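From a predicted model like this one, the values you see are computed outputs, not experimental measurements.
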Amino acid sequence: MATAAPRRFCRCACFCSQNLYVARYGLHLRFRDEHQLRRDYGPLLRSRGCVTSKDFQQLLEELEKEVGRRRRLGQESAVRKALIASSYHPARPEVYSSLQDAALAPEFMAAAEYSTSPGADLEGLLQRLETVSEEKRIYRVPVFSAKFCQTLLEELEHFEQSDMPKGRPNTMNNHGVLMHELGLDDPLVTPLRERFLLPLMALLYPDYGGGYLDSHRAFVVKYALGQDLELGCHYDNAELTLNVALGKDFTGGALYFGGLFQAPAALKETLEVEHVVGSGILHRGGQLHGARPLCKGERWNLVVWLRASAVRNRLCPMCCQKPELVDDEGFGDGFTREEPTTVDVCVLT
């Protein structure tokens, strides 16, 4: 009997021209050419310290390099993934086995089990989670056992110290691991999304596609002295986000949250949230957020961007326009060329 072809995911063409992060100026920029850059950002760049012609030329070269990197990203990532699969020898091979209940916190399993039970509702689920902010709809729940966090960290550190090629987690983080390149998407992240996060998010965020999460992008970020210390304010290319603190010992580095990126004065009042090892913060992808500077130690976090093609196929969250689709590797950026057939559009509008 013939089997259905794997679903093909895409990215929006804006990926190569929008939201290009320049750390020294603390800006996300749109870039097509020099004329557009001067016209759209000239005064703002000067106010941030881009004053001389040398400053601007350096910025121009940096943006052109980043655009080139993004255009090659899918192909280069596939090459790295294949090399890792053929040549890397794990220190903790058990983390590559299918996700086991023993790896999960009992509170997390109980919340997911409740979410799939007859008559489950938001009020009942909130009794099983910590509400960090009712206004901002930010929640916390233990996700992984302490033992699994330690095992996963040992494997991540082993990979970091190996001579295998490593992709950057994203444009704002220089240190960490892409879970799909390491081979941890299928055994760990996909079942985490499908079995546990999907029913939770369906109750918590029905208006953000929580019940239609069909892809993700997962990565681990590392903060340490002499490496990445903090994270500038941004919003995620995701409908919803899970951020789990894995360890290790550290002080500082608290998350801070503002309002939704579309809202005026979205950062006037921020909320700081400390990390709890093993626990995950759940929030909307469009919630402006960042991380305060690390004071000492090392901080490792697993970040899962949860995506619903039923939502993003209508409007790309990064360019805020109808997405211009480009075929991509793996889950791409979560867009598809076809609409899911079971979407209740009343829930999403």
Side-chain angles (χ1 to χ4, degrees), residues 95 97-153 179 184-220 236 238-247 255 257 271 273-287 289 300-308 310-311 344 347-348:
V95 303
S97 301
S98 184
L99 180 64
Q100 301 297 309
D101 289 352
L104 301 173
E107 300 92 334
F108 185 59
M109 291 195 295
E113 182 179 2
Y114 170 78
S115 299
T116 60
S117 64
D121 59 17
L122 178 60
E123 182 179 356
L125 177 58
L126 292 181
Q127 295 175 13
R128 293 161 171 83
L129 307 176
E130 175 190 347
T131 299
V132 176
S133 170
E134 182 177 1
E135 176 194 359
K136 299 182 187 299
R137 298 174 69 182
I138 300 172
Y139 309 97
R140 185 187 346 242
V141 62
V143 175
F144 295 128
S145 68
K147 181 179 178 181
F148 181 77
C149 286
Q150 181 61 37
T151 301
L152 181 57
L153 270 177
M179 298 294 273
L184 286 172
D185 245 8
D186 289 345
L188 175 58
V189 186
T190 295
L192 189 71
R193 168 172 56 84
E194 293 179 344
R195 291 174 50 200
F196 300 97
L197 291 170
L198 183 60
L200 276 176
M201 297 305 206
L203 287 179
L204 288 174
Y205 306 103
D207 47 339
Y208 285 82
Y212 302 100
L213 303 173
D214 53 1
S215 71
H216 61 262
R217 177 177 174 83
F219 49 90
V220 172
D236 297 337
E239 276 63 68
L240 302 165
T241 296
L242 168 70
N243 186 332
V244 184
L246 300 176
L255 300 175
F257 291 90
L271 169 73
V273 181
E274 297 292 340
H275 300 276
V276 177
V277 172
S279 290
I281 298 295
L282 306 171
H283 65 87
R284 294 170 291 181
Q287 201 88 40
H289 60 285
W300 295 68
N301 285 58
L302 170 65
V303 178
V304 185
W305 288 351
L306 298 159
R307 292 160 167 173
V311 176
D344 179 358
V347 175
L348 302 176

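With values rounded to the nearest 0.5 angstrom, Ser133 atom OG is found 12.0 Å from Arg140 atom CZ. Rounded to the nearest 0.5 angstrom, Met201 CE and Leu242 CG are separated by 6.0 Å. Distance NZ/Lys136 to OG1/Thr131: 14.5 Å, rounded to 0.5 Å. The structure places CG of Leu188 at 12.0 Å from CZ of Arg193, a figure rounded to the nearest 0.5 Å.
By the 4.5 Å heavy-atom criterion applied to side chains, His216 and Thr190 are counted as neighbours. Leu302 has its side chain within reach of Met179: a pair of non-hydrogen atoms, C-beta onward, lies under 4.5 Å apart. Counting heavy atoms from C-beta on, the side chains of Phe219 and Asn301 never come closer than 4.5 Å. Between Leu197 and Phe108 there is a side-chain heavy-atom pair separated by less than 4.5 Å. With a 4.5 Å cut-off on side-chain heavy atoms, Leu104 and Phe144 count as touching. Looking only at side-chain heavy atoms (C-beta outward), Leu126 and Tyr139 come within less than 4.5 Å of each other. Between His283 and Asp236, the closest side-chain pair of non-hydrogen atoms falls below 4.5 Å. Val132 is not listed as a side-chain neighbour of Phe257, based on a closest heavy-atom distance of 4.5 Å or more.
Across every non-hydrogen atom of Glu194 and Pro199, the tightest pair is O-CD, 4.1 Å. Across every non-hydrogen atom of Asp214 and Ala308, the tightest pair is OD1-CA, 3.7 Å. Taking both residues in full, the closest heavy atoms of Leu99 and Arg195 are given as O-NH1, 3.6 Å, listed atom of the first, atom of the second, then distance. Contact detail for Val141 and Arg128: the closest heavy-atom pair is CG2-O, 4.4 Å. Contact detail for Ser97 and Pro187: the closest heavy-atom pair is O-CB, 3.5 Å. Between Ala245 and Cys149, the closest heavy-atom pair is O-SG, 4.4 Å.
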Stepwise side-chain contact (heavy atoms from CB on, under 4.5 Å) test for Phe148 and Leu153: CA-CA 8 Å; Phe148 181 77; Leu153 270 177; over 6 Å; no
Test log, rule side-chain contact (heavy atoms from CB on, under 4.5 Å), inputs Val273 and His289: CA-CA 10 Å; Val273 181; His289 60 285; over 6 Å; no
Trace of the side-chain contact (heavy atoms from CB on, under 4.5 Å) decision for Leu184 with Leu152: CA-CA 10 Å; Leu184 286 172; Leu152 181 57; 4.1 Å; yes
Test side-chain contact (heavy atoms from CB on, under 4.5 Å) applied to Leu204 and Leu129, step by step: CA-CA 11 Å; Leu204 288 174; Leu129 307 176; 3.8 Å; yes
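Looking at residues two or more places apart in sequence or on another chain, you find a salt bridge (Lys or Arg N to Asp or Glu O under 4.0 Å) between Arg137 and Asp207. Qualifying side chain to side chain donor-acceptor pair (under 3.5 Å) partners for Thr151, counting only residues two or more places apart in sequence or in other chains: none.
The backbone N or O of Gly209 sits nowhere less than 3.5 Å from a side-chain atom of Glu239 that would complete a donor-acceptor pair.
For the side-chain contact (heavy atoms from CB on, under 4.5 Å) with Leu306, the qualifying choice from Leu282, Thr241, Leu198, Leu213 is Leu213, the only one to do so.
In this structure, Tyr208 and Tyr205 have perpendicular ring planes: the angle between them is above 60°, well past the 30° mark.
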